[in-house]
Amino acid sequence: MANSDEGGEMTHDDRMPSRLTRRQALARGTGGLLAVSALPTFLAACGGSSDGGTGTATSASTTSGGPTPADQVTGDLVLLGYPDWYGPNEFKDFHQKYPNATVKNTASGLSGQAQQIAQITQNKGSYDLTLAGPNVAEQSKLAGLLAPLDASAVPNVERVGQPFRDFYTWGIPTDYGKVGYAYRKDLISERPTTWKEFWDLAAKYKGKTTLIKYDSDIQGSALKSLGYSINTKNESELEQMQKALLQLKPNIKAIIDTDYSKALVQGTASMAVDYDYDIALAQQKNDNIVWVQPEEGVAAYIEGWAGLKDSQHLPAVWALMDFHLEPKNYAGFINSVGCSYVMPDVEPFLKKSIATNPVLKYDPDALEKIEFEAYLGPEETAKRGKLWEEFLAA
């Protein structure tokens with residue numbers, strides 16, 4: 001098996017976690033971008049702009065002059081986030097360091113991104129910070145819900161890799177994931193390295209390829225195969241994207257929204273478009289599985305913690321963010337959830353199955369070919385949603 005200890009089999013403690021994944025936690029029956037297509041009316045009702053944007057917020061930070069003094073770290077903080085999407089001892093350890101502060105998690109994002117924003121808006125002051133990807137973060141900013149990050153009070157944010165800080169300006173980046181593909185080296189003779197080869201092999205091995213059921217990831221992969229940005233709004237490029245996807249569709253075995261790698265592990269599929277963390281876990285079940293980050297580049301999601309404007313405990317929010325980014329604490333989070341990480345100096349504290357796995361390892365060269373999925377605005381979101389429905393119905 002891959003990633004075993006020097007003495008032979010991998011120890012139980014070193015295995016990748018087998019748990020509800022970040023993507024599964026979203027419970028996105030509508031399939032990604034469609035979940036936010038109804039937000040223009042909602043944003044207007046909130047008083048925010050619905051003009052959209054490029055997907056990256058303007059970097060705006062208040063300046064408090066340094067980390068939060070311990071006597072100001074007070075209050076009962078509420079994080080709106082996925083269940084268990086934090087270190088197993090993180091909140092307890094935070095309370096031990098700051099006895100006048102506590103943290104609890106309230107589940108969010110489980111019924112769609114629009115619902116998450118509505119949950120914040122309808123319960124102002126009830127939550128102090130939220131886990132959010134670019135769609136939720138940018139639209140929350142447009143609705144006036146976010147507090148600008150006080151970067152000086154979160155000095156550990158400097159430990160986060162520059163590409164992540166450059167893109168995720170709403171708060172602190174926490175994790176990300178790449179969309180590539182994997183193949184069974186015992187089931188196909190080829191050793192593909194590009195999206196073009198993937199398209200060709202899907203036709204050659206018809207009915208032996210699976211796709212994840214998430215629109216922006218599949219559309220982004222098609223755009224990368226053509227040499228375009230995953231966040232393009234160009235009509236011609238989108239038409240070519242759709243043509244490529246409709247060409248691929250008859251060769252697909254299944255488009256799946258759970259147990260993404262199951263068919264690949266079992267051998268009923270020979271290739272699969274999937275997430276890096278899912279393939280890293282699948283490799284522990286079958287060492288014939290090979291991960292490919294195509295040469296043309298890949299789509300990637302990113303998410304993080306963003307402070308909420310109506311919180312009564314923002315000094316404690318900044319302290320919690322800084323605590324989360326302490327290398328040992330951050331390693332506890334990554335070791336628990338088993339996803340790609342955003343801090344290079346955390347590796348000494350990571351499980352070997354993560355730190356030494358090329359699928360998940362922090363790789364500056366690989367990061368150069370990653371493009372993060374941005375918020376495209378309501379009109380483009382709706383347009384992409386219609387194209388996705390057309391693809392699914394074909």
Side-chain angles (χ1 to χ4, degrees), residues 21-28 32-33 35-39 42-43 46 48-49 52-61 77-86 103 105-151 154 157 160 164-177 214 216 231 300-311 314 317-318 320-321 324-325 333 337 339-340 342 372-378 381:
T21 68
R22 165 268 172 212
R23 284 295 205 191
Q24 289 168 325
L26 290 176
R28 48 189 173 289
L33 289 171
V36 297
S37 60
L39 276 172
F42 173 75
L43 285 174
C46 294
S49 167
T54 62
T56 54
T58 302
S59 181
S61 302
L77 302 182
V78 180
L79 166 67
L80 201 60
Y82 312 143
D84 301 321
W85 205 250
Y86 43 84
V103 187
N105 183 78
T106 296
S108 74
L110 302 183
S111 56
Q113 296 167 342
Q115 288 81 0
Q116 181 178 351
I117 299 173
Q119 188 174 352
I120 296 170
T121 302
Q122 294 165 7
N123 298 277
K124 290 184 178 180
S126 297
Y127 310 109
D128 298 282
L129 67 164
T130 185
L131 182 70
N135 276 323
V136 169
E138 180 63 9
Q139 290 174 98
S140 294
K141 179 191 173 192
L142 291 172
L145 300 175
L146 298 189
L149 175 67
D150 186 348
V154 190
V157 75
V160 174
F164 304 105
R165 283 186 282 145
D166 287 344
F167 186 87
Y168 197 93
T169 57
W170 304 274
I172 62 165
T174 56
D175 58 280
Y176 80 107
Y214 197 73
S216 58
N231 298 311
Y301 67 81
I302 186 172
E303 56 196 359
W305 285 355
L308 297 173
K309 184 183 68 175
D310 291 303
S311 168
L314 284 176
V317 167
W318 311 139
L320 176 63
M321 289 182 175
H324 182 69
L325 295 178
F333 163 63
V337 301
C339 62
S340 294
V342 301
F372 294 115
E373 296 164 352
Y375 172 56
L376 301 176
T381 294

Can you tell me how far apart [atom1] ([X]) and [atom2] ([Y]) are? Round to the nearest 0.5 Å.
X: Asn135; Y: Ser216; atom1: CG; atom2: OG; answer: 7.5 Å
X: Cys339; Y: Tyr301; atom1: SG; atom2: OH; answer: 6.0 Å
X: Ile172; Y: Met321; atom1: CD1; atom2: CE; answer: 5.5 Å

Given 3.5 Å as the limit, does a donor-acceptor pair link the side chain of [X] with the main chain of [Y], or not?
X: Lys309; Y: Gly144; value: yes
X: Asn231; Y: Ala374; value: yes
X: Glu138; Y: Pro134; value: no
X: Ser126; Y: Asn123; value: yes

Got [X] and [Y] here, is their nearest side-chain heavy-atom distance under 4.5 Å?
X: Val317; Y: Trp305; value: no
X: Val342; Y: Thr174; value: no
X: Leu145; Y: Thr121; value: yes
X: Thr381; Y: Tyr375; value: yes

(request) For Leu149 and Trp318, run side-chain contact (heavy atoms from CB on, under 4.5 Å): C-alpha distance rounded to whole Å, both residues' side-chain angles, the deciding distance at 0.1 Å, then the answer. (result) CA-CA 8 Å; Leu149 175 67; Trp318 311 139; 3.9 Å; yes

(request) Tell me, with the steps shown, if Trp85 and Asp175 meet side-chain hydrogen bond (donor to acceptor under 3.5 Å, both in side chains). (result) CA-CA 10 Å; Trp85 205 250; Asp175 58 280; 3.2 Å; yes

(request) Establish, yes or no, whether a centroid distance under 6.0 Å links the rings of Tyr176 and Phe164. (result)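 Yes, the ring centres sit under 6.0 Å apart.
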
(message) Could you check whether Phe372 and Phe167 have their ring centres less than 6.0 Å apart?
(response)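 Yes: the rings meet the under 6.0 Å criterion.
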
At their closest point, which heavy atom of [X] faces which heavy atom of [Y], and how far apart are they?
X: Val160; Y: Pro173; result: CG1-CG, 3.9 Å
X: Ala306; Y: Leu146; result: CB-CD2, 4.0 Å
X: Ile117; Y: Ser140; result: CG1-OG, 3.9 Å

(message) If you apply the rule side-chain hydrogen bond (donor to acceptor under 3.5 Å, both in side chains), what do you find for Tyr82 with Glu303, and how did you get there?
(response) CA-CA 12 Å; Tyr82 312 143; Glu303 56 196 359; 3.1 Å; yes

(request) Could I get the full list of side-chain contact (heavy atoms from CB on, under 4.5 Å) partners for Thr106, not counting sequence neighbours? (result)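 For Thr106, the residues satisfying side-chain contact (heavy atoms from CB on, under 4.5 Å) (neighbours in sequence not counted) are Val78, Leu80, Gln119, Tyr127.
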
(message) According to side-chain hydrogen bond (donor to acceptor under 3.5 Å, both in side chains), who are the partners of Thr130, at least two apart in sequence or on a separate chain?
(response)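 With neighbours one apart ignored, the set is Gln116.
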
(request) Determine the sole option in Leu77, Leu79, Asp128 for which the side chain to side chain contact (heavy atoms under 4.5 Å, CB included) test with Leu320 is passed. (result)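 It is Leu77, the one option of Leu77, Leu79, Asp128 that forms the side chain to side chain contact (heavy atoms under 4.5 Å, CB included) with Leu320.
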
